[in-house]
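Along the sequence shown, the residues carry numbers beginning at 1.
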Amino acid sequence: LLTFVGLLVGLAVVLTTSAHKTLRANLEDDAIRHVSLATRSREQTLTQLFELRQQRAEGFLATVVSYCGEPTGSRRVGWVDTCFVPMVEDFRQSESAVGSLLTYRNRALKSSGRRVARETPVQPALARVVRTPDGAIEYVMKAKRGDLALTLQFNDDQVTRLFLEDGGGIGRSAEIYLLEANGQFLTPTTHAVDKAVQAQALLARCRSGADAFIDLDFGNARSFQSFRPVPVLGDACVGARLRYDETLAPADRLRAVLIERVIWFVVAAVLLSLIAAHWISAPVRRLAQAA
């Protein structure tokens, strides 16, 4: 009885432990891969967004030069107001910009919409983060063609939508966010804590090239995390986090189910062992009684 039950219990413990460890390792590998893919995809999407805006702005300037510029000598160009004024207004609306400013040799030719900020991106960045008096986050871009320049200012609607799509498909507690170079969050986050101080440590991870790792996040919870720089926004950084406990919950549930079934299996094995032991020992008892 003891030998039979002991072998069953030992085998069940080995299989349960092995299954739990294997599933746990697979879930950890999947989580690390998912947060890394999430930051990479967001960085690529942001880069594409601002690069396309830059290309369209440069194409617009080329059109203005072709249709509205008249060379006047000494490398100067005269501009036909009736030509470029409606073009600037139409282009701003088509790009969903909140403000635009067309300048020639730092002289304003036409402004449209709200007044654009004076801060402009520093190369190689394509956009610069600015904050309006009411605290809203906006992005300023500038395209140049010779002495002609177009400054555009966008709200953060398109950028924010990229970070609010179902946690990036990597879990309910997953969160993908955008960090400014000064440690401020540029996208909404779920924790009402002083994130600015903790964000500095996250930025340090990003600049050091940390792609995916396990550590405490800005909510002081152990998480799978990944960071990736966004060169088009200067020193900004995309970050992703996935709660450790949520990720490994399936492994813990599997262990609980296996333990429960092992207990029932051992109880059944004990009963079967008692019956088998009685059946095996009965002839020996009869022989002993006969002797």
- Would you call E119 and R128 a salt bridge, using N to O less than 4.0 angstrom? no

- For this output row, return yes or no: ring centroids of F224 and Y244 closer than 6.0 angstrom. yes

- Tell me, please, which residues at least two apart from D134 pass side chain to side chain donor-acceptor pair (under 3.5 Å). T132

- Tell me whether L152 is reachable from L101 by hopping between hydrophobic residues (I, L, V, M, F, W, Y) whose side-chain heavy atoms are closer than 4.5 Å. no

- Is the count of non-hydrogen atoms from other residues, nucleotides or ligands lying under 6.0 Å from N106 atom CG greater than 12? no

- Would you indicate whether the side-chain heavy atoms of V35 and R241 approach each other to under 4.5 Å? no

- Euclidean distance, R115 CZ relative to R118 CZ, rounded to 0.5 Å: 5.5 Å

- Query: For the atom pair CG (L52) and CD (Q48), what is the distance rounded to the nearest 0.5 Å?
  - Reply: 5.0 Å

- Would a distance-only check, ignoring hydrogens and angles, find a side-chain to backbone donor-acceptor pair under 3.5 Å from S94 to F91? yes

- Query: Is the cationic atom of R53 (NZ for Lys, CZ for Arg) positioned less than 6.0 Å from the six-membered ring centroid of F154 and within 45 degrees of its normal?
  - Reply: yes

- So if you build clusters from Ile, Leu, Val, Met, Phe, Trp, Tyr with side-chain heavy-atom gaps below 4.5 Å, do M141 and F60 land together? yes

- Task: Say whether L186 and V232 are linked into one hydrophobic cluster, either directly or through other cluster members, by side-chain heavy-atom distances under 4.5 angstrom.
- Result: yes

- Task: Decide yes or no for F185 and E180: does some side-chain heavy atom of the first lie under 4.5 Å from some side-chain heavy atom of the second?
- Result: no

- Query: Going by an N to O cut-off under 4.0 Å, is there a salt bridge joining R56 and E95?
  - Reply: yes

- Closest approach of G234 and A125, non-hydrogen atoms and distance? N-CB, 3.5 Å

- Note on the structure: All heavy atoms of V116 vs all of G99, minimum pair found to be CG1-C, 3.5 Å

- Item | Expected output: side-chain S66 to main-chain A62 donor-acceptor under 3.5 Å | yes

- Query: Hey, are the side chains of F84 and L109 touching, using non-hydrogen atoms and a 4.5 Å cut-off?
  - Reply: yes

- Message: Quick check: do I214 and S223 have side-chain heavy atoms less than 4.5 Å from each other?
- Response: no

- Query: Heavy-atom distance under 4.5 Å between the side chains of L148 and W79, does that happen here?
  - Reply: yes

- Note on the structure: side chain to side chain donor-acceptor pair (under 3.5 Å) filter on E138, not counting sequence neighbours, yields R114, Q153

- Task: For the pair S41 (side chain) and L37 (backbone), establish whether a donor and an acceptor sit closer than 3.5 Å, ignoring hydrogens and angles.
- Result: yes

- Which pairs, with at least one residue in residues 112-150 and sequence neighbours excluded, count as a ring pair (Phe, Tyr, Trp, His ring centres under 6.0 Å)? F50-Y139

- Item | E43 CD to C237 SG distance, which is reported to the nearest 0.5 Å | 9.5 Å

- Item | Non-hydrogen side-chain atoms of L179 and Q184 separated by less than 4.5 Å | no

- Between atom OG1 of T151 and atom NZ of K144, what is the distance when rounded to the nearest 0.5 Å? 9.5 Å

- Message: Is there a path of hydrophobic side-chain contacts, each under 4.5 Å between heavy atoms of I/L/V/M/F/W/Y residues, joining L242 to L23?
- Response: yes

- Item | CA sep, side-chain torsions, deciding dist, call: R40, R228, side chain to side chain contact (heavy atoms under 4.5 Å, CB included) | CA-CA 7 Å; R40 183 180 299 124; R228 196 169 297 273; 3.5 Å; yes

- Atom CG of L46 and atom CG of L178: how far apart are they, to the nearest 0.5 Å? 6.0 Å

- Side chains of M87 and T63 in contact at under 4.5 Å (non-hydrogen atoms): yes

- Item | Any donor-acceptor N/O pair, R92 side chain to A97 backbone, under 3.5 Å | yes

- Do any N or O atoms from the side chain of T39 and from the backbone of S36 form a donor-acceptor pair under 3.5 angstrom? yes

- Just how far is it from atom CG of L102 to atom NZ of K110, taken to the nearest 0.5 Å? 10.0 Å

- Message: Going by side chain to side chain contact (heavy atoms under 4.5 Å, CB included), V159 matches just one of V129, T45, L233, L49. Which one?
- Response: L49

- Donor + acceptor pair across side chains of Q55, E51 (<3.5 Å): no

- Task: Any chance you could lay out the side chain to side chain contact (heavy atoms under 4.5 Å, CB included) test for D245 and R222, step after step, and finish with the verdict?
- Result: CA-CA 8 Å; D245 52 358; R222 196 174 186 216; over 6 Å; no

- Should V64 and V88 be counted in the same cluster of Ile, Leu, Val, Met, Phe, Trp and Tyr side chains packed under 4.5 Å apart? yes

